[in-house]
Amino acid sequence: MYQITELTSEAKQQVKVTVGNNKTCKLNFTYCPNQQCWFFDIIYEDGNFYSYGHKLTNCPNMIRQFQNTLPFGLGCSVEDGLEPWFQNDFITERVKVYVLTKEDVQTIGTDLYAKIW
């Protein structure tokens with residue numbers, strides 16, 4: 001697991017992260033002021049997989065539904081335990097976004113979600 005540190009307070013931004021077998025994933029982050037929240041898109045393997053319009057939430061793996069399709073996950077933690085609401089959440093480090101390895105996804109799945117369900 002590693003933190004995505006390139007995120008800023010820009011309302012629209014794109015970061016490229018290395019995931020899985022040294023493959024690249026583009027993540028587009030968009031702040032929506034009328035809803036006071038961040039959304040993100042995933043473009044993996046040059047468009048062979050894409051998913052748009054996910055809300056950034058305080059969650060150990062926001063893309064868990066793709067755990068059998070993608071070799072990574074995306075986690076988000078919020079310092080005060082609430083949700084990402086502010087456009088400057090990344091630069092104040094109130095919100096941190098993490099890329100999870102396949103092993104992280106499995107660990108979270110068994111250690112956290114299995115106990116809840």
Side-chain angles (χ1 to χ4, degrees):
M1 166 177 18
Y2 66 91
Q3 182 181 352
I4 301 173
T5 57
E6 299 87 2
L7 296 172
T8 67
S9 61
E10 292 293 320
K12 291 187 178 200
Q13 49 193 308
Q14 183 181 86
V15 294
K16 288 184 181 179
V17 295
T18 302
V19 295
N21 301 315
N22 290 324
K23 296 193 179 185
T24 303
C25 178
K26 284 193 275 184
L27 300 170
N28 299 321
F29 289 87
T30 306
Y31 184 74
C32 189
N34 63 342
Q35 295 184 41
Q36 286 188 301
C37 65
W38 284 94
F39 290 93
F40 67 94
D41 306 325
I42 304 165
I43 300 99
Y44 177 62
E45 287 192 0
D46 295 325
N48 288 330
F49 176 91
Y50 52 88
S51 187
Y52 302 111
H54 298 272
K55 186 175 179 183
L56 189 70
T57 61
N58 187 7
C59 181
N61 186 4
M62 298 173 291
I63 58 171
R64 184 170 186 260
Q65 69 268 30
F66 303 122
Q67 68 183 346
N68 295 323
T69 306
L70 298 174
F72 65 95
L74 287 174
C76 177
S77 67
V78 182
E79 185 177 86
D80 57 17
L82 299 174
E83 294 296 330
W85 289 327
F86 307 111
Q87 189 168 343
N88 68 348
D89 273 341
F90 303 126
I91 60 169
T92 63
E93 294 193 1
R94 179 178 168 267
V95 172
K96 296 178 181 172
V97 179
Y98 299 93
V99 174
L100 309 173
T101 65
K102 187 85 169 160
E103 294 77 23
D104 294 329
V105 171
Q106 290 171 348
T107 300
I108 289 170
T110 56
D111 291 353
L112 181 65
Y113 291 115
K115 292 178 182 176
I116 295 172
W117 303 105

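Computed from heavy atoms alone, side chains included, the values below leave out hydrogens, waters and symmetry copies.
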Quiz item: Would a 4.5 Å heavy-atom cut-off, applied to side chains only, mark E93 and E79 as touching?
Solution: no
Quiz item: Would a distance-only check, ignoring hydrogens and angles, find a side-chain to backbone donor-acceptor pair under 3.5 Å from N61 to L74?
Solution: yes
Quiz item: side-chain contact (heavy atoms from CB on, under 4.5 Å) between N28 and K12: does it pass, once the steps are laid out?
Solution: CA-CA 7 Å; N28 299 321; K12 291 187 178 200; over 6 Å; no
Quiz prompt | Minimum side-chain heavy-atom gap D80-R94 below 4.5 Å | solution = yes
Quiz item: Which value, rounded to the nearest 0.5 Å, describes the distance between E83 atom CD and C37 atom SG?
Solution: 9.5 Å
Quiz item: When rounded to the nearest 0.5 angstrom, what distance separates NZ in K96 from CD in Q3?
Solution: 5.5 Å
Quiz item: Aromatic ring centroids of Y50 and Y52 under 6.0 Å?
Solution: yes
Self-check item: Joint cluster assignment, Y2 & M62, ILVMFWY side-chain distance < 4.5 Å
Solution: yes
Quiz item: Are L82 and V95 linked, directly or through other ILVMFWY residues, by side chains that come within less than 4.5 angstrom of each other?
Solution: no
Quiz item: For D104 and T107, what are the C-alpha separation, side-chain angles and deciding distance, and is it a side-chain hydrogen bond (donor to acceptor under 3.5 Å, both in side chains)?
Solution: CA-CA 5 Å; D104 294 329; T107 300; 5.6 Å; no
Exercise. Side-chain contact test, heavy atoms from C-beta onward, threshold under 4.5 Å: evaluate it for L56 versus F39 and give yes or no.
Key: no
Quiz item: Checking D89 side chain against W85 main chain: does a donor-acceptor pair fall under 3.5 Å?
Solution: yes
Quiz item: Is the number of heavy atoms from other residues, nucleotides or ligands within 6.0 Å of CG (N88) greater than 12?
Solution: yes
Self-check item: Check: E103 main-chain N/O paired with Q106 side-chain donor or acceptor under 3.5 Å
Solution: no
Quiz item: Does one hydrophobic cluster hold both F49 and F29, with members joined at side-chain heavy-atom distances below 4.5 Å?
Solution: yes
Quiz item: Rounded to the nearest 0.5 Å, how far apart are CG of L27 and CG of L7?
Solution: 8.5 Å
Self-check item: Least distance between heavy atoms, Q87 atom then S9 atom
Solution: NE2-O, 2.8 Å
Self-check item: Within the 6.0 Å centroid threshold, strictly below: Y44 and F72
Solution: yes
Exercise. Please list, chain by chain and in numerical order, all residues satisfying side chain to side chain donor-acceptor pair (under 3.5 Å) with N58, sequence neighbours excluded.
Key: none
Quiz prompt | Reported CG-to-SG distance for the pair L70 and C25, which is rounded to 0.5 angstrom | solution = 7.5 Å
Quiz item: Ignoring hydrogens and geometry, is there a side-chain-to-backbone donor-acceptor pair from Q13 to T8 under 3.5 Å?
Solution: yes
Self-check item: Test item: K26 side-chain N/O and V17 main-chain N/O as donor-acceptor pair under 3.5 Å
Solution: no
Practice problem: Can you measure from SG (C76) to CD1 (I4) and round to the nearest 0.5 angstrom? | Solution: 10.0 Å
Exercise. Look at the rings of F90 and W38 and say which category their plane angle falls in: under 30° parallel, 30 to 60° tilted, over 60° perpendicular.
Key: tilted
Quiz item: Y31 versus P33: any side-chain heavy-atom pair under 4.5 Å?
Solution: yes
Self-check item: Rounded distance [0.5 Å steps], CD1 in I42 versus NE2 in H54
Solution: 4.5 Å
Self-check item: same_hphob_cluster(L100, I43) at 4.5 Å side-chain heavy-atom cutoff
Solution: no
